[in-house]
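Read the numbers this way: they start at 1 and go in the same order the structure lists the ligands and their atoms.
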Amino acid sequence: MADREVDFLLVGGGMASAHCAAELRRRGADGSVLLVGREPEPPYERPPISKEYLRGEAERSEAYVNPPSWYEENRVELATGRNAMSLDPEARTVKLQGGEEVAFGKALIATGAMVNILRVEGAGNEGIHYLRAFGNADAIRADAEEAERVVLVGGSYIATEVAASLTARGVRCAMLAMEDEPLSRTFGADAGRWFRQRLEERGVEFHGGEELELFEGDGRVRAVVAKSGLTLECDAVVVGAGVRADAMLAQRAGLEVEDGIVCDSRLETSVAGIFAAGDCCSYDSVVHGRRLRVEHWDVAMQQGICAAANMLGEGREYDVVPYFFSDLADWASLEYVGPAREWDEEIWRGDPDAGEFSLWYLREGRVAGCLSVGRSEDLAEARRMLADGVDVSGAREALADAGADLGAIA
Ligand SMILES: Cc1cc2nc3c(=O)[nH]c(=O)nc-3n(C[C@H](O)[C@H](O)[C@H](O)COP(=O)(O)OP(=O)(O)OC[C@H]3O[C@@H](n4cnc5c(N)ncnc54)[C@H](O)[C@@H]3O)c2cc1C
């Protein structure tokens, strides 16, 4: 016998769960809602952690998805600082840290992602940081303030954003990346060169095509050493080596798991009545015609909302084109729809020198993704073309002409 019963159980105290809770209430669901999260904070948005919050320009509370009072006002029981230890899909119960067993009607698993830890020689030195939560940002900021130089290991958005944020605070930064150009894994080498110029003109050193060998230190990190022999002296390191889905609870419960928790196009897992959303969710994308898992703020929110609708029996397919944004301090803001895993053509539109362009990624004559810097208006059209599978092979000139009407491409 379970200790108690709830109608809706939401495991994971992040974006996806918070939006799921809000949507349940918006839709008039009257049943009991329990939201269980491991972190001490109420659900919050992570993007500021590498941006405004890291730069000391914003308070933690500004990132909260809902004000703390919202939960009580909306009868959503918030169990922060508590782990869901195990889930029994047959008995439909979850065991919480401390031993309490809760039976549920419907459940959402939104356990997010975990950072990849680099296990190389010297990894135990002080001053080597990863970034996922507020506390990590506090520790980075404190170390960076004392540092002669900070090295960012990684060439993706976390390393790039942190390099920009710390440089904006007057900290000397160098990046060591396997990619030849920053952000090139997602956006390609040409866009990567554009971002590299933005970083270098502000003083960030970029060392691409380098693989980490080890960290040197005397208890505290003193240098990052690459396999090529390149040695970057430093007093602090921030590693941005990607994340992987936190699917541990689901896996132990026997739910189907691949690179994330496997869901159908309605975000339902292999067990009826148990849904997944956000960074941990690997779903059948009706837009892309393949299974997809992305780690985007907007996707966690939209999937939380869609999961709520489906917990209430709507049976809605998740058909939103994934959207991502990132800022390099106040030097450049990028937005992206996609993701284009592969493409065979790139078309530039607008003026990269003026910092206002969109870059279109085509595959077999169709839009696979679109990056915008200062041309947000292009993204709505890119999203439409991507979702509808519009054949743009006869519209290359219009795509490249910043004055042409994209709405006419159908
Ligand atoms: C520093 C940083 C900057 C980012 N910037 C951007 C950006 O600019 N643009 C963008 O689109 N995306 C960005 N992202 C990604 C975005 O924040 C994530 O995609 C989003 O937070 C995912 O939300 P989620 O609810 O799936 O997971 P999370 O926000 O990770 O929440 C999951 C929560 O569940 C908890 N949990 C896990 N297991 C259990 C358990 N068994 N019991 C209880 N609780 C558990 C975790 O501790 C965590 O608190 C950024 C991420 C980081 C880390």
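Under the 30°/60° scheme for interplanar angles, the aromatic rings of Y361 and Y336 are found to stand perpendicular.
Only side-chain heavy atoms of D246 come within less than 4.0 Å of ligand 1; its backbone N, CA, C and O stay farther off. Contacts between F325 and ligand 1 below 4.0 angstrom, taking non-hydrogen atoms only, involve backbone and side chain alike. At a heavy-atom distance under 4.0 Å, only side-chain atoms of E39, from C-beta outward, approach ligand 1.
Heavy atoms of K51 come nearer than 4.0 angstrom to ligand 1 in at least one pair.
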List the atom pairs, donor and acceptor, that lie under 3.5 Å between side-chain atoms in residues 301-316 and the rest of the protein, sequence neighbours left out.
residue : atom : partner : partner atom : Å
Q302    : NE2  : D298    : OD1          : 3.3
Q303    : OE1  : G278    : N            : 2.8
N310    : OD1  : G315    : N            : 3.1
N310    : OD1  : R316    : N            : 2.6
N310    : ND2  : R266    : O            : 2.9
N310    : ND2  : R316    : O            : 2.8
E314    : OE1  : R27     : NH1          : 2.7
E314    : OE1  : R27     : NH2          : 3.3
E314    : OE2  : R316    : NE           : 3.4

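Taking every heavy atom of R82 and a limit of under 4.0 angstrom, the matching atoms of ligand 1 come to 43 (C). Of all the atoms in ligand 1, the ones that sit under 4.0 Å from a non-hydrogen atom of G278 are 26 (O). Less than 4.0 angstrom separates some heavy atom of F324 from each of these atoms of ligand 1: 9 (N), 10 (C), 11 (O), 12 (N). For ligand 1, the atoms sitting less than 4.0 Å from at least one non-hydrogen atom of W297 are 10 (C), 11 (O), 12 (N), 16 (C), 19 (O), numbered in the order shown with element in parentheses. Listed by number with element, the atoms of ligand 1 under 4.0 angstrom from any heavy atom of V36 are 43 (C), 44 (N). Residue R38 approaches ligand 1 through these ligand atoms, each under 4.0 Å from one of its heavy atoms: 37 (C), 38 (N), 39 (C), 40 (C), 41 (N), 43 (C), 44 (N), 45 (C), 47 (O). Of all atoms in ligand 1, numbered sequentially from 1 with element shown, those under 4.0 Å from a heavy atom of S50 are 1 (C), 3 (C).
When side chains are defined from C-beta on, V294 does not count as touching F324, because their heavy atoms never get closer than 4.5 Å. Between L131 and V115, every side-chain heavy-atom pair lies at or beyond the 4.5 Å cut-off. Between D235 and R222, the closest side-chain pair of non-hydrogen atoms falls below 4.5 Å.
In summary, R196 and D180 do not engage in a salt bridge, as defined by a charged side-chain N under 4.0 Å from a carboxylate O.
Relative to the ring axis of Y44, R46 places its NZ or CZ within 45° and under 6.0 Å from the centre.
Of the options G13, A277, G112, the smallest heavy-atom separation from atom 33 (C) of ligand 1 is shown by G13. Here the shortest heavy-atom distance to atom 19 (O) of ligand 1, taken over D279, V294, L131, belongs to D279. Among I158, D327, I49, the residue whose heavy atom lies nearest to atom 2 (C) of ligand 1 is I158.
Outside the 6.0 Å centre-distance limit, the rings of W70 and Y64 are not counted as a close aromatic pair.
Looking at residues two or more places apart in sequence or on another chain, you find a side chain to side chain donor-acceptor pair (under 3.5 Å) between E211 and K227.
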